[in-house]
Structure formats: C-alpha cells, structure tokens
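Input: a single structure, listed below in structure tokens.
Both counts, for ligands and for their atoms, begin at 1 and track the order of listing. Heads up: numbering here begins at 1 and tracks the sequence.
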Amino acid sequence: MRPTEHGEVWVTEDGGEIDQDLGHYERFLGVTIGRDHNITTGQVYREVIEKERRGEFLGKTVEVIPHIPDEIKRRIKNAAEKTKADFVLVEIGGVVGDYQNILFLEAARQIRFDGEKTVFVHVGFLPVLHHLGEMKSKPLQHSVRALMQAGIIPDFIVCRSEYPADDVRKDKISMFCNVKEDGIISNPDMENVYELPLLFDEQKFGEKVLEKLGLEPKNTDMKEWKDAVARMKNASKNVKIGIVGKYFDIGSFKLADSYISVIEAVKHASAWCGARPEIIWIDSKEFEKNPAKLSELRNMDGIIVPGGFGSSGVEGKIAAVKYARENNIPFFGLCYGLQLAVIEFARNVCGLKGANSTEIDERTPYPVIDILPGQRKIIEGKNYGATMRLGGQAVSIKPDTVAGNLYGKDSVTERFRHRYEISPQYVETLEKNGFILSGSTPDNRIKQIGELPKLKFFLGTQFHPEFTSRVTDPNPLFVGFIKACLEK
Ligand code: GLN
C-alpha cells in the first residue's frame, strides 16, 4: 500500500500490516483488533488454491462459486469466534459495483440466506452541488439498485454527505430505496469526527440495529466518550504542530491520510491538555531545495518527524531535526524520526562526519543506524513482503528519564514496523555525548527510545506510539510532547 495512494499502513498488535480503516475501528471501539480481521481477495484465493493442492476437496470441482464465498464466510466466522464477539461488524470496502468486492457481496448475501441474523447497512453518498444549492439523492438511488442486483436489500441507509439529510430527502430515499424512514440515518461532515457516534446515538442507530438483530442493548452510557468530545470542543489554547514528512502530494491534492494515526494521536493528546491542535504539513524536500525555509520552523510550537522509508527527503528531515535541537523547539521523532535524530546527533555533536543509516548509504563510514541482524537474510533473499519487525513488542523503560516519567512504569508494549535499528556499536558514544537511550528490548540488545533530557522536549521512539493512542486514553509520550509545546 503506497501511502500517497492508500493512506497510512496500520499495524496491528499481532503484527499485521493493514488498511488504515482498521485503525479507525480500534480508535472508535477501544478494542484491539487482530490481523485476521482483515480479509483480502489475495488471502482468500491463496487459501482455496492451497487447499485444492493439498487434496482437501477430494476430487470435487473447485470453482469461484461456491468456494471463494465459502472461504470468505469461514474467515468472518473464524474472526468472530476467536474474539468471542456478541456480533460482528463487517465492512465491505470500496463501492458497490466494484469488480473487487463482488464476491464479498455474494458472501454477505449467502450469510443471510444461511439463516444467520444479519442487518445490512448501506452507506451512500449524497453530493451537494453548490451552484444548484441542492442535495442530490440520485447517486444513492443507483448504488442501492446495484446492491439489489447483488441480491441484497439494505435494512438501513446511511446518508453520507456534506450536510444532514433533511426530511424531504429522507422521504424520497425511503420511497425509492425500499427502506422505512426510521432506517434512514443522517451522516453529515462533522467538524470533529469523534462527535459522530453521538450523532448516531441521537438517531438511536445502535438501538435500532440491535433491535433488528434481536439483541438487548448492553451499555448505552456514553459518558466517557462525551467527556472526551467536550474536552476537544472546549479546548481554549492553540498548539501549532509542524509535521515534517514526505508522503503528501498526489496530483493537485494533499493527502493527510498518510499520517492519519499521528494526526489522531496529536488530537487526543492536545484535547487531554485542553488545547486545539493546528497541524502544519511541511514537505522535507522543500528544505533540501531551499535551506532558508528552515527558519519557518521557528513559528511551530513543536515538530514531529514521523515514520518513513528510503532516501528521498531524508536530508531535509535531518536538517529539521538539527534546527529543532539547536533552537530548543520541542521535537518528537517516530521510528524513522528517531533514527534520523540519531544520525543528526552523531554527525553534529559526536563529530562522526558522514554518519548515516545503511538504509540510505551502505558505505557510510559511521553506520549509526544499521540493519537488524534478523533482517539481513530477509533483505538478501529479497523477501520483502510483511517481513519487517512488526507489531506489539515489550519495551523496558529506564526510570528517572523523560520516557520513564511519562509512562510511569518500567515496561510497556508498543507497536513496531522497521528493519533498521540504532547500531549497538555506537550506543556508548551517543550516551557519552548526552543522548540518553531510555528504552530498550527486555534483553537490552536493541535500543528503542532516545532523548536529550536537557532540552524542553526532545525524544524519539523506534516504535509508533500513535498506534496505541485512544480518544479517551491518549498515549503518554504524545501528552508529554504536547505539554512541552504548550509551555513553549
Ligand atoms: N525505514 C526505517 C526502518 O525500516 C524506519 C521505518 C519506519 O519509520 N516505520 O527501520
């Protein structure tokens, strides 16, 4: 998944690399979702073909129908059983009518036909054409028709639009689409996306779904959620965060989705501190073309250098880290951000001229960031797919450090996605010069957090703390960073 086309790659606790939508589900539901909750066409076909090769169909004809939908259904049930779920929410991605999801729709049709309790919710788009000043329901009518061709009649229609669906539109949709009016749910753009569950609750969406499924509502108290949303709405201070990245531009549009979990983690932590974040996108390649632009960083309350791969834009990011360090602007480095902070410190403080990561320069005289030993073979065998060091891993935290004080415990689990590490050979040099390595693997072999405690806030993590941040429970490192930004 290329970030500029598909958005961020979400990493699950158990090491799956999947579509960022799963991140939204974790954030909104507050549950940890495993990799088998992501079902793709590739997985399904591979499984059916391998089963056939193993002779598991016993001489039967193997065909797309029924074997592909059967495998999809098996996977859905398997995910449900493993999590002992009360009910399963299945999102079929894309748009009705896509070639890519037709067999998933067929599986959904069969699940109802098999006698499972099911509710079908169709999310349709209602464009508002500004020069006409009208909300149009025609595209939705057509998508419902396409859904019916797949043998599925929706029980609910969610009206996704810039504005709320009014009664006139609801009437019309109800009549044309064969859904009773109380099954038409309004889903307008919201200033704050976390208000959406409250809007759905006002429309009794959850209760109506449960009623159709014959299930009793378990807990309708949304107090914690309401409090979190109120904190966001009532935030009185502003905090300006510059994100120095490179996966932004796609044609004439900027794509913030590449760093969606970072943005959400900043929002959660800012609200916790009573602040409203303003996020400024900074393309690190700009600093390479025009170094004078670096002085614009002075206007930021804090700077984040997020994760990344390869050499493009790297020198610009290193220049931004240097600027943050020299001007004492709060800095937070995430994965590549930590590695680049180490390179910058090695070059400009430890005097290791030309220090680099072997990911960028294999012949660097000072490989301060080097391939993880376990990853070397994988690279040599060109076995790149899903073979990084992935998912939740234990991190031991040194007490009385910035990280130790923020976490308030000596061990945490955070999520990783990398091939390179701080080379153990340079740890002593770094620490002697004041770069404190405050987190490591439990065996102390791989260093996982680095900090400069004399500065207002200068900290980097080998993991991605943005993946464990929740609306009602922000990640402590993000909270520490935002607090420092507010002090600036
Ligand atoms: N490219 C670096 C590595 O593989 C950092 C990865 C990241 O930022 N997720 O180690």
Side-chain angles (χ1 to χ4, degrees), residues 1-4 6-13 15-18 20 23 243-248 257-263 265 284 303-318 320-321 331-344 346 355-362 364 367-393 395 414-424 426-427 437 439-441 445-450 459-469 475 477-478:
M1 285 178 282
R2 188 179 174 78
T4 47
H6 209 92
E8 159 196 285
V9 176
W10 173 257
V11 179
T12 60
E13 185 76 26
E17 294 175 285
I18 53 192
Q20 48 146 337
I243 299 188
V244 183
K246 65 170 176 177
Y247 304 122
F248 295 133
D257 261 12
S258 313
Y259 300 108
I260 186 81
S261 294
V262 179
I263 301 170
S284 62
I303 296 166
I304 293 179
V305 176
F309 294 84
S311 58
S312 116
V314 147
E315 286 303 324
K317 287 185 189 174
I318 294 175
V321 179
F331 163 82
F332 196 10
L334 311 172
C335 202
Y336 218 15
L338 165 72
Q339 297 177 356
L340 301 177
V342 167
I343 294 170
E344 190 279 319
N356 216 330
S357 164
T358 50
E359 176 176 358
I360 306 162
D361 175 8
E362 269 183 62
T364 167
V368 288
I369 306 293
D370 201 3
I371 188 89
L372 283 156
Q375 293 285 324
R376 195 176 293 278
K377 270 213 180 77
I378 292 174
I379 294 256
E380 280 161 8
K382 295 218 170 349
N383 188 14
Y384 286 108
T387 54
M388 280 188 252
R389 178 167 179 261
L390 286 168
Q393 317 265 351
V395 184
E414 292 283 7
R415 298 187 197 174
F416 290 77
R417 181 172 185 250
H418 67 130
R419 274 189 217 287
Y420 295 80
E421 63 167 342
I422 301 173
S423 167
Y426 291 92
V427 164
L437 295 156
S440 67
T441 45
R445 217 206 67 77
I446 313 175
K447 299 295 179 188
Q448 308 192 316
I449 308 177
L459 186 136
T461 58
Q462 187 58 77
F463 48 85
H464 291 272
E466 65 270 26
F467 290 141
T468 51
S469 182
N475 183 284
L477 299 184
F478 272 94

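In this structure, atom 7 (C) of ligand 1 lies nearest to the protein heavy atom C335 SG, 3.0 Å. The protein heavy atom nearest to atom 10 (O) of ligand 1 is Y420 N, 2.9 Å. Here the heavy atom of the protein found nearest to atom 9 (N) of ligand 1 is R417 O, 2.9 Å.
A salt bridge links R417 and E17; the closest N-O separation between the charged side-chain nitrogens and carboxylate oxygens is under 4.0 Å. Using a 4.0 Å cut-off between a side-chain N of Lys or Arg and a carboxylate O of Asp or Glu, E344 and K317 do not qualify as a salt bridge.
Each of the following atoms of ligand 1 lies closer than 4.0 Å to a heavy atom of R419: 3 (C), 4 (O), 10 (O). Listed by number with element, the atoms of ligand 1 under 4.0 Å from a non-hydrogen atom of E359 are 1 (N), 2 (C), 3 (C), 4 (O). Each of the atoms 1 (N), 2 (C), 5 (C), 6 (C), 7 (C), 8 (O) of ligand 1 lies under 4.0 Å from some heavy atom of G308. Atom numbering of ligand 1 starts at 1 in the shown order; those under 4.0 Å from a heavy atom of G307 are 8 (O).
Taking the six-membered ring wherever Trp is involved, the centroid distance between the rings of F416 and H418 falls below 6.0 Å.
The backbone N or O of G310 lies less than 3.5 Å from a partner atom in the side chain of Y336, making a donor-acceptor pair.
When all heavy atoms of V244 and S284 are compared, the pair lying nearest together is CG1-CB, 3.7 Å.
Contacts between M388 and ligand 1, counted as non-hydrogen atom pairs separated by less than 4.0 Å, are absent for every part of the residue.
Remark: R415 fails to qualify as a cation-pi partner of F463 under the 6.0 Å distance and 45° angle criteria applied to the six-membered ring.
Residue-ligand proximity: H464 is placed with a non-hydrogen atom under 4.0 Å from ligand 1.
Taking the side chain as every heavy atom from C-beta outward, E421 and R389 never approach each other to under 4.5 Å.
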